[in-house]
Amino acid sequence: MRRVYYSSGSMLTGDSIAHAVMEYAEALAKNGRADIVEIPVVFASGRSGTATLLIGPSSQLASVTEESDIREPSDDTLVDELRQRAMRLGSPRPGEQQQYADFLSVHEDYE
C-alpha cells in the first residue's frame, strides 16, 4: 500500500492507484491544467472510503510505501482511466514546456 500526502493530510490507498494519481498529477502540471479525481482509500480502522482530490499545477503530492495488514484497495478501471487521461494530455502545450524547464533550472534541487 502507499500513503499519499496531500495538502496537510494523507490517505492510504493501493499501490497502482497511488502511482496512477502521481502520473496524472504530473501530466496535469506539465500542461498547466487541473482536475478532480476520486480514489478509494482505507482508514486506520480498516473501513473503506473515498477521497476527492483536486490535482493540478500547484498540487504538492507525495507517495510513500506503507506496510499494513489492512486489505489494499484496488480499482483497475480507475487506474486505467487515470493513465488514459494522462496519455491524452500528451506533451505540454507550446510555450509551457519551456516555462516548466525554466522553473526547474532556477530551482536546482529539483534536478
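No hydrogens, no waters, no symmetry mates; every other heavy atom, side chains included, goes into these values.
Put simply, the residue from P40, P73, S16 that forms a side chain to side chain contact (heavy atoms under 4.5 Å, CB included) with L78 is P40.
The distance from the CG atom of L61 to the OG atom of S7 is 9.5 Å, given to the nearest 0.5 Å. Residue E23 holds its CD atom at 8.0 Å from CD of E26, rounded to the nearest 0.5 Å. How far CD1 of I55 is from CG of L82: 7.0 Å, rounded to the nearest 0.5 Å. Atoms CD and CG, from E81 and D75 in turn, are 10.5 Å apart once rounded to the nearest 0.5 Å. M11 contributes atom CE, which lies 5.5 Å from atom CD1 of I39 (distance to the nearest 0.5 angstrom). Interatomic distance, R85 CZ to L28 CG, rounded to the nearest 0.5 Å: 9.0 Å.
Between S10 and Y5, the shortest heavy-atom distance links the atoms CB-CD2, 3.5 Å. Here the closest heavy-atom approach between residue V41 and residue A51 is recorded as CG1-CB, 3.7 Å.
Annotation for V42: hydrophobic cluster partners, listed by chain and number, are M1, L12, I70 (ILVMFWY side-chain heavy atoms under 4.5 Å, direct or chained).
Around CG of D80, the count of heavy atoms belonging to other residues, nucleotides or ligands within 6.0 Å exceeds 12. Residue-environment remark: CZ (R47) stays at or below the threshold of 12 foreign heavy atoms within 6.0 Å.
The closest donor-acceptor contact from the side chain of Y6 to the backbone of L54 lies under 3.5 Å.
Residues M87 and R83 fail the side-chain proximity criterion, which asks for heavy atoms closer than 4.5 Å.
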